[in-house]
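Working notes, beginning with the structure itself.
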Number of protein chains: 2
Amino acid sequence: MTEKIKVYLADDHQMLIEGMKAVIKTNEDFEVVGYSLNGMRLIEEVVKAKADILVMDINMPEKDGIEVLKELSSYETPFKVIVLSSYDDLKLVKEVIKLGARGYLTKQSVGDSIIEALIEVHNGEEYFCKIMQEKILASFSHNTQNINQVKIVPQIYLTERELVIIKLIALEYSGKMISEKLFISTNTVETHRKNLLKKLNLKSSIGLAKYAIKNNLIHF
Amino acid sequence: MTEKIKVYLADDHQMLIEGMKAVIKTNEDFEVVGYSLNGMRLIEEVVKAKADILVMDINMPEKDGIEVLKELSSYETPFKVIVLSSYDDLKLVKEVIKLGARGYLTKQSVGDSIIEALIEVHNGEEYFCKIMQEKILASFSHNTQNINQVKIVPQIYLTERELVIIKLIALEYSGKMISEKLFISTNTVETHRKNLLKKLNLKSSIGLAKYAIKNNLIHF
DNA sequence: AATCATATCACTAAAATTAGTGATTTTTCA
DNA sequence: TGAAAAATCACTAATTTTAGTGATATGATT
């Protein structure tokens with residue numbers, strides 16, 4: 001047969017390493033070429049071992065997985081990374097994917113899906129374990145939560161007029177333009193602006209604009 | 001047994017209606033209580049039929065599915081909606097979910113998953129067909145595409161210094177604060193600001209801030 | 001009838017931004 | 001090494017924004 005695909009493991013739990021070694025041994029396409037119990041000099045070791053895939057825990061002593069990924073993402077590397085983690089936290093997944101990881105497994109699901117993950121990632125795909133797939137799908141729905149909610153209600157109550165003013169500010173209208181548009185004096189506009197700044201505890205009109213964007217007061 | 005779950009179908013293709021009726025008949029938990037070939041007076045009909053779930057095509061004559069959903073989302077309705085569509089377009093899914101739909105099936109996958117979708121949605125879950133699930137997962141990865149890309153490259157080339165300045169502006173630093181932070185004169189800061197406004201064809205610092213946000217120059 | 005919230009406007013003075021022009025020094029790169 | 005790009009700074013003048021205080025009018029609420 002052709003060369004086996006080389007896997008390097010990094011996790012501070014020896015037992016998990018042993019477990020993964022055992023599972024990976026059952027598939028003849030892969031072989032474990034080494035492992036580390038911490039993140040120090042990990043990249044060096046992986047490169048030295050000529051591994052194709054690094055399966056790495058995020059929580060490691062000395063240097064954690066995020067740090068390793070950050071370093072990796074700053075230059076080209078000859079291997080791909082699958083991240084292991086105890087946490088099924090969406091933000092963390094997003095973070096590690098952004099930093100270049102190709103797969104994410106929670107530790108509960110390692111047993112079921114490590115081989116599948118290795119295959120997918122080796123084929124250039126990305127892989128998320130079942131739990132994370134479900135989470136991702138769920139977040140996709142929940143991100144679009146404006147159901148039946150016509151108006152977005154900001155945390156702090158703004159009056160109708162203030163809403164109009166802050167929107168125009170965010171739309172890059174100057175004070176004068178606003179006053180002309182609304183047929184009021186610039187003094188009034190300024191007063192509203194001041195009240196907005198105070199109410200929202202912001203320092204500048206740029207802050208107001210950002211507030212408007214964050215709270216979906218304007219289309220961005 | 002207890003009452004069956006009532007399903008109402010809306011699709012301008014009679015054959016698809018017949019197909020769905022046949023498939024749904026195989027499951028004794030559900031029954032089809034009516035159907036429409038267009039969107040006119042659809043809501044009225046569904047309510048009259050006391051349906052629990054509406055399975056609705058997006059492309060319908062007279063009044064399309066989006067319109068129906070918009071109307072539905074403006075008040076409470078006693079039934080849930082699963083959307084059928086020929087298109088596997090993510091934006092469309094997002095749109096219909098935002099408008100209150102609980103499930104999304106492409107027409108290719110109706111046969112395989114309509115029952116599954118009905119069960120899930122009836123249990124208060126959301127349901128996406130296989131194809132869409134894959135699309136959603138893929139988009140999740142691709143949205144975080146900055147892999148190995150340390151610097152974000154805006155459409156228009158900004159110099160290092162200009163990038164620093166525009167970021168600080170977007171972070172609500174005043175000209176003076178910037179000058180103090182960077183140990184340069186306010187004149188210089190103003191010059192950079194002017195150059196940025198001209199380069200990016202923007203009218204105000206709020207425009208600069210929005211540009212910085214849009215182009216991921218700052219964390220927002 | 002009195003009160004409160006909202007919206008309106010005024011005045012002043014300081015600070016900042018905008019607009020335009022011009023110039024010097026550093027860095028980069030062919 | 002020489003030209004181009006980038007970064008730096010200055011000066012002027014008009015305009016705008018910020019900051020603070022105070023005042024009037026209107027409508028809703030109690």
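Below, read A as the first sequence line, B as the second, and so on, with proteins coming before strands; counting in each chain starts at 1. For clarity, every value in this text was computed on a predicted model and none was experimentally measured.
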B:Glu162 CD to B:Lys167 NZ distance, which is reported to the nearest 0.5 Å: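 Taking CD in B:Glu162 and NZ in B:Lys167, the distance rounds to 12.5 Å.
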Nearest-0.5 Å distance, CD of residue A:Glu190 to CD1 of residue A:Ile165: 9.0 Å
How many Å lie between [atom1] on [X] and [atom2] on [N], as a whole number?
X	N	atom1	atom2	result
B:Ile184	D:dT8	CD1	C1'	8 Å
A:Asn187	D:dT16	CG	C1'	13 Å
B:Leu158	D:dA5	CG	P	16 Å
B:Glu172	D:dT18	CD	P	11 Å
A:Lys194	D:dG22	NZ	P	13 Å
A:Leu197	D:dT16	CG	P	19 Å
B:Ile165	D:dA6	CD1	P	15 Å
A:Glu190	D:dT16	CD	P	11 Å

Five-pair end axes of the helix from C:dA1-D:dT30 to C:dA30-D:dT1 and the angle they enclose, rounded to 10°: 50°
Would you say [X] and [Y] make side-chain contact, with heavy atoms under 4.5 Å?
X	Y	result
A:Leu118	A:Val55	yes
B:Met132	B:Leu90	yes
A:Met56	A:Ile82	no
B:Val33	B:Val7	no
B:Asp52	B:Lys80	no

Start and end of chain A contact along DNA chain C [non-hydrogen atoms, under 4.0 Å]: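 The protein-touched segment is C:dT6 to C:dA10.
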Contact state string [nucleotides 25-30 of chain D, B base, S sugar-phosphate only, - no protein heavy atom under 4.0 Å]: ------
Residue list, salt bridge (charged side-chain N to carboxylate O under 4.0 Å, His left out) with B:Arg161, at least two apart or on another chain: none
Presence of A:Ser205 side-chain N/O under 4.0 Å of D:dT18 phosphate oxygens OP1/OP2: yes
Sugar-phosphate, base or nothing in reach of B:Thr188, heavy atoms under 4.0 Å: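 The residue B:Thr188 makes base contact.
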Of A:Lys198 and A:Tyr173, the one whose closest DNA chain D nucleotide lies more 5': A:Tyr173
Charged N-O contact under 4.0 Å between B:Glu120 and B:Arg102: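 Result for this pair is no, no salt bridge flagged.
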Minimum-distance nucleotide to B:Ser185 side chain [options: D:dT17, D:dT8, D:dC9]: D:dC9
With sequence neighbours excluded, residues passing side chain to side chain donor-acceptor pair (under 3.5 Å) with B:Gln133: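 Once residues adjacent in sequence are excluded, B:Gln133 has no partner under the side chain to side chain donor-acceptor pair (under 3.5 Å) criterion.
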Residue from A:Asp89, A:Val83, A:Asp11 passing side chain to side chain contact (heavy atoms under 4.5 Å, CB included) with A:Ile58: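 Single side chain to side chain contact (heavy atoms under 4.5 Å, CB included) partner of A:Ile58 among A:Asp89, A:Val83, A:Asp11: A:Val83.
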Under the side chain to side chain contact (heavy atoms under 4.5 Å, CB included) test, residues paired with A:Glu134 that sit two or more places apart: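 A:Glu134: side chain to side chain contact (heavy atoms under 4.5 Å, CB included) contacts with A:Lys130.
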